[in-house]
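These notes are about the structure you will find just below.
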Protein chains: 2
Amino acid sequence: MRTQVVTIHDVARAAGVSPATVSRVFNGGRVTPERAQSVQQAAAELGFAPNRLARSLRKQRSSVIALIIPDIENPFFTSLARGVEDAAQRTSLSVVLCNSDEDTDKERRYLEVALGEQMAGVIVAAASQDDTDLGPLIARGVPVVAVDRRPHDAEVDAVRADDQHGGEVATRHLLQAGYRRIACITGPEGASTSEERLAGYRAALHAARSEGIAADDAYVRHADFRVEGGRAAMRELLALPEPPDAVFVTNNLMTIGALDALAEAGRTPPGVGVLSFGDVPWASLVRPSLTAVELPSYELGRAAADLLLQRMEGSAAPLQTVVLRTRLQIRESTAGPVASD
Amino acid sequence: MRTQVVTIHDVARAAGVSPATVSRVFNGGRVTPERAQSVQQAAAELGFAPNRLARSLRKQRSSVIALIIPDIENPFFTSLARGVEDAAQRTSLSVVLCNSDEDTDKERRYLEVALGEQMAGVIVAAASQDDTDLGPLIARGVPVVAVDRRPHDAEVDAVRADDQHGGEVATRHLLQAGYRRIACITGPEGASTSEERLAGYRAALHAARSEGIAADDAYVRHADFRVEGGRAAMRELLALPEPPDAVFVTNNLMTIGALDALAEAGRTPPGVGVLSFGDVPWASLVRPSLTAVELPSYELGRAAADLLLQRMEGSAAPLQTVVLRTRLQIRESTAGPVASD
DNA sequence: TATGGGGGTGAAATCCTTTTCACCAGCAGG
DNA sequence: CCTGCTGGTGAAAAGGATTTCACCCCCATA
């Protein structure tokens, strides 16, 4: 059986010291300069690379953190991932990405890996509010930060956007633009973002009921946060006897699907108003340009990582939830029904 | 100091057997059924989760594989990642993603992590042809597969697309469509995909030199495979005394930048022909629709993972390179200069 | 000249699991 | 009745690092 090419013992022997001293050289213990020197040299000559497993096993903590996201093909999450990476960059930590694919089973497996590999920390955008069990990690004392999505019985720090408020502002904007039959395509039940953006929509419609706006859920559809789901939901809405004249779509990918379905039916914004929660990727290419609730994806990742790092450094501050502001960016797709109807 | 919540010893004690037996229960050794039963039960009651570090340390091999990609924000690579995951899915392996950000330093760090964590295998889309050093991994006997990009002194299995051929077909198509001053925006020098797609372009132009097509590199620009780089390169080309009438862009993101720059200059395809190597994400929203060399991103990941799994099972077949076919998908953006000039 | 203290060092314990090895019991065949 | 297997088991080693602990040396202070 093949074994570790060169271990700390080999270095120790080559440098004429004990393994303990070699370890101290690499971990900032007190060693006389000339000894340190010769250890460094021996290590370099032998091409010594420390066995991180052994190190982590002993230290009860590895030096990688896990970022678990539900959809790696969604630019929102990849941008968030960049934020996490950039924050971790300044430390010696490595970030590994795990794609749960909105699947609680896969997610559970990754959480087990994170636990079993003694990862130093975990940032998770939960696939589900209820089925995501962070208990074992927390029990083990592993720092955990929830990002974007909030697990239900959250005994963890969290970083998220003001989803409900954003949904409300978005819907209000559609009303002000003159749309009257406003639909909402939202994500799966059980995802907090899904629910809260929808709650914002409902609140705005409810507030406008005196103007004869219906606030029942006839125009609400739950889909899957993906392109296909958005397309299917939009088709359904267009097939109604009295189709909506605007749609608030609660994520970027579903907006793409919805736009497809609209094009297919020969309708285009702003004749039918379209408003996306979260910028559509490479929005510059989309004509007409899209009104969207801008989601600070990168900053969410960044903030989550900062919080995690604080905890890893031992901060015992009470649990906190950081809420980042969204901003409505008004463009052509919600110019109002009269403009082109 | 906090220690592992429950170890194999605790389970052993609870079940009245030795640790060795517990291990055998979980690893398919021979154990009498009733003993196995009581071990299972004890483990469940105590909430035993094996320490994967200790296991990997002893086995000299962990059960995760690393996928190192140069740009997590490029949908091509995320789709490739999905392919890898789906293939790994059927085994007990977990995939962790590492984003090297086209930065050989970051990449080196991740390669060190893969080595130090004794990962079971590595799939890498190299940030550079020359500076990516897979030597240590190979020396350690870790299976490695290069995907998409080919490291230069490749002592590894590889899976890639027929880049040169695709580039040639693409350029020929532009010529046939009637374009005469065809530019090429390609990626960084040192990336094999960059070079080979460019080589295809050159070959096609060279073959057409009898028709008075210039085959010097006056219209060639190297950029960074990102949106910004594509935009800048296109601006430069448009500022030439005699700007090109078509452009072959060697990746999807740079195409987006190029389209932006064109729009900014008031030009649109197919007046200026635009052909992308690799589908632009959510191409359905782009008007006019884009001619592209379709790159089987998902299948590349899938094939790479399959190859890696074979090696991990001990296949001693000679090194192989799998080349997947690309396909030119003709759409509106290369309809020809006369059509709208 | 003693005493105390601090810095540097190595032996050995530790982290948790897998795996080797020795052993035992039970059974089949000579 | 003895030999030879085979299947099941536990003790102990192995895997490679970190860290505790005891120790030694040297210098400063009483």
Side-chain angles (χ1 to χ4, degrees), chain A residues 1-39 42-43 46-64 92 112-113 115-120 140-141, chain B residues 1-39 43 46-63 92 112-113 115-120 140-141:
Chain A
M1 189 199 309
R2 158 172 254 128
T3 185
Q4 170 103 4
V5 187
V6 36
T7 74
I8 205 172
H9 283 87
D10 303 322
V11 177
R13 194 165 345 105
V17 300
S18 77
T21 301
V22 177
S23 170
R24 281 190 271 259
V25 169
F26 287 107
N27 296 285
R30 323 204 59 108
V31 179
T32 54
E34 59 269 27
R35 248 179 240 255
Q37 168 70 26
S38 79
V39 168
L46 291 154
F48 168 70
N51 183 322
R52 302 168 65 110
L53 292 180
R55 178 207 299 259
S56 303
L57 175 60
R58 177 61 232 236
K59 304 234 289 195
Q60 306 258 32
R61 169 131 315 179
S62 87
S63 59
V64 337
S92 59
E112 274 166 19
V113 171
L115 187 66
E117 303 265 352
Q118 326 262 54
M119 294 204 175
R140 251 322 263 299
Chain B
M1 188 200 309
R2 158 171 254 129
T3 184
Q4 172 104 2
V5 187
V6 35
T7 76
I8 207 173
H9 283 87
D10 303 322
V11 177
R13 195 165 344 107
V17 300
S18 78
T21 300
V22 177
S23 171
R24 281 190 271 259
V25 169
F26 287 107
N27 295 286
R30 323 203 59 110
V31 180
T32 53
E34 58 269 27
R35 247 180 242 255
Q37 168 70 24
S38 80
V39 168
L46 288 129
F48 168 69
N51 184 321
R52 302 168 65 112
L53 292 180
R55 177 208 298 262
S56 304
L57 175 59
R58 179 58 232 241
K59 305 232 290 194
Q60 306 258 22
R61 171 132 313 177
S62 87
S63 58
S92 60
E112 275 167 19
V113 170
L115 187 66
E117 302 265 353
Q118 325 262 52
M119 294 204 175
R140 254 315 267 298

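Chain letters run A, B, ... following the sequence lines, proteins first and then strands; every chain starts at 1.
Applying the side-chain contact (heavy atoms from CB on, under 4.5 Å) criterion to A:Ala54, with sequence neighbours excluded, gives A:Asn51, B:Leu57. A:Ser38 pairs by the side-chain contact (heavy atoms from CB on, under 4.5 Å) definition with A:Ala15, not counting sequence neighbours. By the side chain to side chain donor-acceptor pair (under 3.5 Å) test, B:Arg55 pairs with B:Asn27, sequence neighbours left out.
For A:Lys59 and C:dA13, the NZ to P distance is 22 Å, given to the nearest whole Å. B:Gln60 has its CD atom 17 Å from the P atom of C:dT17, to the nearest Å. The distance between atom CG of B:Asn27 and atom C1' of C:dT17, rounded to the nearest whole Å, is 9 Å. Here C:dT14 presents its P atom at 22 Å from CG of A:Leu53, a figure rounded to the nearest Å. Here D:dG15 presents its P atom at 12 Å from CG of A:Asp10, a figure rounded to the nearest Å. Spacing between atom CZ of B:Arg52 and atom C1' of C:dC16 amounts to 14 Å, rounded to whole angstrom units. Atom CG in A:Leu57 sits about 11 Å away from atom P in D:dT18, given to the nearest Å. Atom pair A:His9:NE2 and C:dA11:C1' shows a separation of 10 Å (rounding to whole Å applied).
For B:Arg24 and D:dG10, a side-chain-to-base donor-acceptor distance below 3.5 Å is present, hydrogens and geometry of angles not being considered. Taking 3.5 Å as the limit, the base of D:dT18 and the side chain of A:Arg55 contain no donor-acceptor pair of atoms between them. Applying the 3.5 Å distance criterion, the base of D:dG15 shares no donor-acceptor pair with the side chain of B:Arg61.
Of the inter-residue distances, the one linking B:Glu117 atom CD with A:Ser56 atom OG reads 5.5 Å to the nearest 0.5 angstrom. Note that CZ of B:Arg52 is 8.5 Å distant from CE of A:Met119, once rounded to the nearest 0.5 Å.
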If you restrict it to nitrogen or oxygen atoms, what contacts under 3.5 Å exist between nucleotides 6-8 of chain C and the protein, and what is each distance?
unit_1: C:dG8; atom_1: OP2; unit_2: A:Arg30; atom_2: NE; d: 2.6

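Side chain of A:Thr7 to main chain of A:His9: a donor-acceptor pair is present (N/O by atom type, distance under 3.5 Å, no hydrogens or angles).
Listed candidates were D:dG16, D:dT19, C:dT18. Nearest to the side chain of B:Ile8 is C:dT18. Across C:dT18, D:dT18, D:dG16, the shortest atom-to-atom separation from the side chain of A:Arg58 is found for D:dT18.
Closest approach of B:Gly47 and B:Val6 over heavy atoms only: O-CG1, 3.6 Å. When all heavy atoms of B:Val17 and B:Val39 are compared, the closest pair comes out as CG2-CG2, 4.0 Å.
Counting only residues at least two apart or in different chains, salt bridge (Lys or Arg N to Asp or Glu O under 4.0 Å) contacts with residues 20-32 of chain A are absent.
Less than 4.0 Å separates DNA chain C from at least one heavy atom of each of the following residues of residues 13-23 of chain A: A:Val17, A:Ser18, A:Ala20, A:Thr21.
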